[in-house]
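What you see below is based on every heavy atom in this structure, not just the backbone, and it leaves out hydrogens, waters and symmetry mates. Computed from a predicted structure; not experimentally measured. As the structure lists them, so they are numbered: ligands from 1, and atoms in each ligand from 1.
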Amino acid sequence: MILSDLHETGRTDTELYAEIAAMLSQKEISRLVGIGPHIKSVEELFDLETVFFDSTADFISAFPQLHFSQETILVKGARKFGFEQISKLLTQKVHDTIMEIDLNAIAHNLRYYQTQLSPGVKLMAMVKAFSYGSGSFEIANLLQYHQVDYLTVAYADEGIALRKSGITLPIMVMSPEPSAFEAMLKYKLEPELYSFEILNAFIAFLPQEQKDYPVHLKVDTGMRRLGFEEPDLPVLLKVLKDTGKLKVISAFSHLAGSEDELHEEFTLGQIGRFKAFAFVLRNELGYDFIRHICNTSAITRYPDAQFEMVRLGIGLYGFDSGKPDTSDLQVVAKLKTTVTQVKRIAPGETVGYGRRGILPQGGQIATVKIGYADGYRRSFGNGIGMMLVNGKPARTIGAIAMDMCMLDVTGIDVHTDDEVIVFNEELTIVDLAAQIGTIPYEILTNISQRVKRIYFYE
Ligand SMILES: *Cc1c(COP(=O)(O)O)cnc(C)c1O
């Protein structure tokens with residue numbers, strides 16, 4: 001642990017640091033780096049390996065001799081100690097491609113959508129696909145802390161992982177496979193039931209004595225992907241009424257074009273069909289359930305369709321293609337990599353596989369540590385993609401390789417180990433998506449698992 005003096009606690013140094021020392025030994029922390037005159041003055045209180053510095057600057061100059069390796073480091077400091085310099089130093093030790101996730105920005109975006117809800121409307125957060133590439137437990141834990149009502153994952157495995165790391169919120173599983181039913185019961189995961197096959201299989205699986213297992217019914221109102229349809233209602237109702245094993249917690253549908261004004265009439269049609277379906281279901285079942293149809297864009301575009309709950313996905317990560325102006329949202333993810341080598345290229349030389357990259361006048365290139373296996377798609381190659389090298393835009397040159405690619409950095413002052421921005425708040429994921437004709441969802445979820453995620457939270 002790297003810890004600074006703590007100010008304005010209203011307690012004496014001895015009292016405060018004795019308590020911290022007790023916590024450190026209780027949590028079996030192996031090493032303490034204390035920074036500041038106060039913590040240093042009570043060094044005898046700490047019964048573990050310690051090293052103390054008067055200031056952050058002293059720590060930074062001693063850094064090369066401190067040999068951090070194979071350690072999990074908690075960095076905690078009062079504002080004025082400027083510990084962001086330390087986290088920067090520590091992350092730079094791994095000259096690697098990293099994705100920084102700003103948890104405060106996620107909390108901000110969540111709050112924004114919460115303010116857009118009518119009173120009493122619940123919020124389900126979509127954390128499928130590794131929370132849109134941003135990490136599962138870290139995001140789910142934050143959402144749990146900020147009191148969202150439900151989490152949704154795509155597969156049971158994702159839900160099990162969340163339960164194992166201590167998430168207690170209700171979790172819906174969108175693709176519940178029969179092979180995972182047992183685990184779903186064990187970990188209290190709630191299936192989305194979208195067809196008679198899956199409905200009957202789940203009923204058959206549940207033990208005779210099971211009563212009211214919470215389930216969610218998916219209704220197809222126009223997406224033409226998954227879900228029960230209007231003509232299925234009589235049989236669906238019969239099955240639900242004949243079994244006492246299930247309790248419909250919610251019925252929901254998914255909009256195919258909520259972000260686009262072009263599809264407004266169609267969207268209103270979907271909402272109308274959903275409402276009618278839920279009305280019959282409610283009357284026949286004789287009990288209330290939660291109705292939900294809004295994804296991110298629909299929350300603000302179709303506030304009358306918020307019903308009892310909304311499903312927030314990409315908005316959490318700072319994108320909403322239904323909003324002409326997204327200044328209410330904050331950027332959550334930054335992807336950074338580093339320069340591994342800089343080279344001079346003579347006129348007529350070719351760069352990379354297939355020899356597609358050419359600088360007719362010659363120039364300078366930088367090889368950077370990100371490739372298609374990290375999720376930087378091959379379609380970014382040959383000048384289509386752009387990164388920021390020391391703040392300056394630099395286009396790709398030649399083909400994107402598996403673990404690296406090359407940038408044309410002619411005229412830019414650049415050295416080995418310099419930081420390269422793949423995306424951030426300036427060069428956005430929306431820009432990248434536009435470069436290769438895709439959507440932010442795909443850019444985000446493509447970032448592969450080998451790219452380290454680093455979380456910030458203040
Ligand atoms: C992914 C998903 C959402 C969230 O959509 P966003 O556009 O990311 O808000 C909502 N509902 C369902 C069924 C989904 O699969």
**OP:** Using the test salt bridge (charged side-chain N to carboxylate O under 4.0 Å, His left out), find all partners of Glu230 that sit at least two apart in sequence or belong to another chain.
**Re:**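 Here no residue qualifies.
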Can [X] and [Y] be counted as having a side-chain donor-acceptor contact under 3.5 angstrom?
X      : Y      : answer
Thr367 : Gln341 : no
Thr221 : Gln270 : yes
Thr338 : Asp417 : no

Subject >> Partner residues of Gln330 under the side chain to side chain donor-acceptor pair (under 3.5 Å) criterion, sequence neighbours left out >> reply: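 So Gln330 forms a side chain to side chain donor-acceptor pair (under 3.5 Å) with His108.
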**OP:** Keeping to residues at least two apart or across chains, list the side chain to side chain donor-acceptor pair (under 3.5 Å) pairs with something in residues 383-396.
**Re:**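 For residues 383-396: Asn390-Asp418.
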Between ligand 1 and the protein, find all N/O pairs closer than 3.5 Å and give the distance for each.
from     : atom 1 : to     : atom 2 : distance (Å)
ligand 1 : 7 (O)  : Asn295 : ND2    : 3.1
ligand 1 : 7 (O)  : Tyr441 : OH     : 2.6
ligand 1 : 8 (O)  : Tyr132 : OH     : 2.6
ligand 1 : 8 (O)  : Ile314 : N      : 2.8
ligand 1 : 9 (O)  : Thr296 : N      : 2.8
ligand 1 : 9 (O)  : Thr296 : OG1    : 2.5
ligand 1 : 9 (O)  : Gly313 : N      : 3.1
ligand 1 : 11 (N) : His254 : ND1    : 3.4
ligand 1 : 11 (N) : Arg311 : NE     : 2.7
ligand 1 : 11 (N) : Arg311 : NH2    : 3.3
ligand 1 : 15 (O) : Lys128 : NZ     : 2.6

